[in-house]
Number of protein chains: 2
Amino acid sequence: MAENLTLEDIGRLAGVSRSTVSRVVNDKSNVNPEVRERVLAVIERTGYSPNVLARSLVSGRTGVIGLVIPSRVHALFEDPYFSRLIQGISSASNRAGNTLSLFIFQNEEEEAALYPRVVTSGVLDGLILTATRMADPLLARMAVGEIPLVIVGRPDVEGVSYVDADNRGGAALAATHLADCGYHRIGLVGAPVSTTAGIDRLNGFVEGLALRGLTLDPDLRADGDFSERSGYVAMQRILAHQPDAVFVASDTMAIGALRAVREAGVDVPDDMALVSFDGLPSSERSVPPLTTVKQPVTDAGARAVEMLNELIAGEAKDPYIEIMPVELIVRQSCGSARQLAAGPQ
Amino acid sequence: MAENLTLEDIGRLAGVSRSTVSRVVNDKSNVNPEVRERVLAVIERTGYSPNVLARSLVSGRTGVIGLVIPSRVHALFEDPYFSRLIQGISSASNRAGNTLSLFIFQNEEEEAALYPRVVTSGVLDGLILTATRMADPLLARMAVGEIPLVIVGRPDVEGVSYVDADNRGGAALAATHLADCGYHRIGLVGAPVSTTAGIDRLNGFVEGLALRGLTLDPDLRADGDFSERSGYVAMQRILAHQPDAVFVASDTMAIGALRAVREAGVDVPDDMALVSFDGLPSSERSVPPLTTVKQPVTDAGARAVEMLNELIAGEAKDPYIEIMPVELIVRQSCGSARQLAAGPQ
DNA sequence: AGATTTGGTGAGAGCGCTCCCAACACTACA
DNA sequence: TGTAGTGTTGGGAGCGCTCTCACCAAATCT
């Protein structure tokens with residue numbers, strides 16, 4: 001019903017002008033209460049709803065925000081992290097009255113071909129960019145400042161607004177926790193150093209070790225690419241050098257690491273402790289359940305939407321930067337369940 | 001650069017009128033080649049790109065399609081199935097020149113509140129609806145036919161276009177395969193019968209058993225809700241009645257089922273065979289790797305986009321219906337690796 | 001009483017585009 | 001020479017909306 005009614009139509013039916021109807025629809029003050037009622041009744045009866053396109057054309061605002069997930073990530077897309085992030089952003093968009101458009105680029109060509117449509121077409125009020133790489137070409141282009149932009153994850157350039165988890169602090173927490181449990185040959189299955197998250201978790205981990213007088217033996221370090229398979233492979237390499245504990249920089253990689261450990265006949269936590277990062281549901285259901293540094297993915301997504309809307313409203317010139325706190329969830333894999341009473345940290 | 005150039009601006013710079021520039025931009029035929037070159041040069045130089053909003057306002061087409069994931073599903077969202085589907089749909093949209101808008105509803109209220117904005121606002125050319133329940137209230141409203149609509153998954157109403165996997169045939173394939181492997185106490189961890197997929201997989205499974213002269217012992221059946229946890233619980237119930245094989249109606253539930261089996265000290269495939277459904281990457285990495293009925297999720301998403309675009313173009317009055325073929329992937333969990341040479345079915 | 005403010009209203013312009021039609025040159029026909 | 005094409009171009013109207021402004025009556029002031 002009522003797909004193509006216009007303001008004019010409603011006006012005619014209510015015996016007023018287009019302008020008055022517009023005022024009613026937009027809740028402007030100077031309308032006779034009686035007239036307002038009459039107009040609202042007609043709107044109700046006809047099921048009229050304003051044409052968003054026409055409105056946007058004149059107002060210059062569409063209410064649409066874009067979520068861009070760049071190339072190379074689609075392989076990682078199986079990581080539930082992205083599902084959660086999308087969910088958080090979608091939910092926050094709904095709440096804020098925005099419409100969310102999703103741009104998943106499969107490769108660099110698609111990126112190059114579609115990017116102008118995304119930015120220049122004028123449909124998007126703003127953009128959330130996620131999973132940026134070091135020296136991200138997309139980011140380089142966007143940072144020019146054509147359009148309000150928020151990054152999820154720390155970018156490697158200045159002057160851009162972003163939300164990030166406390167990767168550094170979280171990794172340090174994992175390191176000190178393992179050290180406090182009495183382990184000293186502590187290895188690392190790292191996230192790729194081509195990402196800021198990878199670098200931050202690496203640095204935080206090393207710093208945490210240092211706080212307890214430990215260092216990271218290069219033999220006990222192998223990096224993955226966030227995939228389950230890469231965690232499996234990396235752990236196999238590290239196992240050869242007999243660590244007594246390992247920090248795996250993501251839950252999904254930890255699942256893979258656990259698979260390698262099991263195949264090698266090593267028991268977690270009896271023979272080796274494990275702590276991971278993310279706090280996804282899967283970390284709770286693994287065997288054994290993973291001690292993990294939980295980051296608030298959904299909240300970060302929501303915060304990104306809020307920041308973006310503030311940026312769109314033009315409320316700030318300085319870039320917003322927000323680091324979300326993380327939390328160590330102690331489960332079985334670190335073998336410290338008994339010392340738990342004192343609480344982590 | 002060039003955020004707010006108009007046709008008129010380009011025309012002025014190229015010494016022609018708005019209309020001529022429009023013709024060039026839209027590749028119309030009757031333009032002097034020389035003039036066309038000149039205009040194109042100006043466009044190139046200025047980085048002009050047409051305002052999609054204005055264009056849509058007059059043409060009535062926006063190129064935006066919506067993907068709606070209704071309430072109650074967000075809990076299931078951790079099922080990688082949805083990630084894949086979204087990916088497939090996104091990719092197909094990009095290819096087709098569409099923009100994809102994502103609507104994930106968290107609950108019925110949000111659904112009711114946002115639905116009008118989705119359908120009536122006039123921004124969407126069409127809609128893809130997924131994960132419909134039996135008697136889906138959303139679907140009931142949409143089927144009124146205000147907007148081109150394609151469902152992913154078989155809906156329980158007539159007259160709507162949809163793409164579905166061959167759930168029935170696939171489940172039958174699982175059943176006959178297990179029977180052919182020599183098992184006869186074959187159980188089922190079913191998908192919820194509040195979904196057509198659940199019903200179709202149940203019926204197909206029973207039909208497959210019947211083809212081999214078997215029936216489904218009610219004690220050997222328990223339904224889950226697609227979550228890992230529900231597969232775990234359902235399998236625990238079934239285990240008590242000692243099946244020699246079980247068909248689990250989704251990979252994610254199968255991972256949970258496997259967890260229950262392991263805890264019970266039962267070996268797969270030596271003590272019990274398992275076949276699941278979906279063919280997600282996780283099914284390959286489980287211990288043991290799962291024999292599974294693979295459905296082409298990405299392709300189904302792509303097909304949905306194609307169908308929707310045909311519907312939008314008004315090329316057909318009859319609803320499109322497409323059943324995607326499935327394929328039995330034989331791995332270790334069914335214990336038939338040796339008989340594999342002959343191939344399944 | 002006359003001048004000014006007020007609340008309420010409608011008409012016009014314009015957002016950037018596409019479409020239609022008229023206008024123009026120029027060629028080709030009778 | 002007149003008429004009908006043919007190719008190319010520009011202007012007008014209009015998509016549905018918002019916004020500014022002018023208008024009118026009623027209320028308030030001097």
Side-chain angles (χ1 to χ4, degrees), chain A residues 2-40 42-43 46-64 99 116-117 119-125, chain B residues 2-40 42-43 46-64 99 116-117 119-125:
Chain A
E3 183 55 70
N4 25 22
L5 283 171
T6 75
L7 275 187
E8 204 89 39
D9 295 330
I10 303 300
R12 200 168 328 106
L13 289 168
V16 294
S17 79
R18 183 178 32 121
S19 310
T20 301
V21 180
S22 172
R23 275 186 279 262
V24 170
V25 169
N26 294 292
D27 255 345
K28 295 289 170 61
S29 48
N30 2 331
V31 178
N32 184 314
E34 210 172 284
V35 175
R36 158 167 276 134
E37 282 314 310
R38 204 167 68 225
V39 172
L40 284 175
V42 174
I43 290 176
T46 55
Y48 167 80
S49 113
N51 182 314
V52 174
L53 247 39
R55 181 178 282 183
S56 298
L57 181 59
V58 31
S59 71
R61 288 278 175 78
T62 62
V64 180
T99 298
R117 204 169 77 203
V119 175
T120 334
S121 66
V123 257
L124 297 180
D125 281 352
Chain B
E3 183 56 70
N4 26 20
L5 283 171
T6 75
L7 275 188
E8 205 91 39
D9 295 330
I10 303 300
R12 199 170 327 106
L13 289 168
V16 293
S17 78
R18 182 178 34 119
S19 308
T20 301
V21 180
S22 172
R23 274 186 281 262
V24 171
V25 169
N26 295 291
D27 255 345
K28 295 289 170 62
S29 48
N30 4 329
V31 178
N32 185 315
E34 211 172 283
V35 175
R36 157 168 276 133
E37 282 314 310
R38 204 168 67 225
V39 172
L40 284 175
V42 174
I43 291 176
T46 54
Y48 166 81
S49 111
N51 182 314
V52 174
L53 248 38
R55 181 177 281 184
S56 298
L57 182 58
V58 31
S59 70
R61 287 278 176 78
T62 61
V64 180
T99 298
R117 205 169 75 203
V119 174
T120 332
S121 66
V123 256
L124 297 180
D125 281 353

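Chain naming here is simple, since letters A, B, ... match the order of the sequence lines and numbering starts at 1 in each. What you see is a predicted model; the values in this text were computed from it and never measured.
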| said: So, taking the atom named CG in Leu53(B) and the one named CG in Leu53(A), what distance separates them when rounded to the nearest 0.5 Å? | reply: 5.0 Å

| message | Any heavy-atom pair between the side chains of Val25(B) and Arg55(B) that's under 4.5 Å? | response | yes

| said: At a heavy-atom distance below 4.0 Å, what parts of residues 17-27 of chain B sit against DNA chain C? | reply: Arg18(B), Ser19(B), Ser22(B), Asn26(B)

| task | May I ask you to evaluate whether Tyr48(B) reaches the phosphate of dC17(C), defined as a side-chain N or O under 4.0 Å from OP1 or OP2? | result | yes

| message | If you define the side chain from C-beta out and look only at heavy atoms, does anything of Thr99(B) sit under 4.5 Å from Val123(A)? | response | no

| task | Apply side chain to side chain contact (heavy atoms under 4.5 Å, CB included) to the pair Val42(B) and Arg12(B), showing each step before the final yes or no. | result | CA-CA 10 Å; Val42(B) 174; Arg12(B) 199 170 327 106; over 6 Å; no

| said: Counting C-beta onward and ignoring hydrogens, is there a side-chain heavy-atom pair between Thr20(B) and Arg23(B) closer than 4.5 Å? | reply: yes

| said: Donor-acceptor check, side chain of Asn26(A) to backbone of Lys28(A), threshold 3.5 angstrom: yes or no? | reply: no

| query | Any side-chain heavy-atom pair from Val21(B) and Val16(B) closer than 4.5 angstrom? | reply | yes

| Quick one: is dT18(D) close enough that its OP1 or OP2 comes under 4.0 Å of any side-chain N or O from Lys28(A)? | no

| field | Length of the CD1-P vector between Ile43(A) and dC17(D), whole Å | value | 10 Å

| query | What heavy-atom pair brings Val39(A) and Ala14(A) nearest, and what distance separates the two atoms? | reply | CG2-CB, 4.1 Å

| query | Do the side chain of Arg18(B) and the main chain of Leu7(B) share a donor and acceptor less than 3.5 angstrom apart? | reply | no

| Rounded (10°) bend between the five-pair end axes of the helix from dA1(C)-dT30(D) to dA30(C)-dT1(D) | 60°

| request: Nearest 0.5 Å please: distance from the CG atom of Asn51(B) over to the OG atom of Ser56(A). | output: 10.0 Å

| field | Sub-4.0 Å heavy-atom contacts from residues 30-37 of chain B onto DNA chain C, ordered by number | value | none

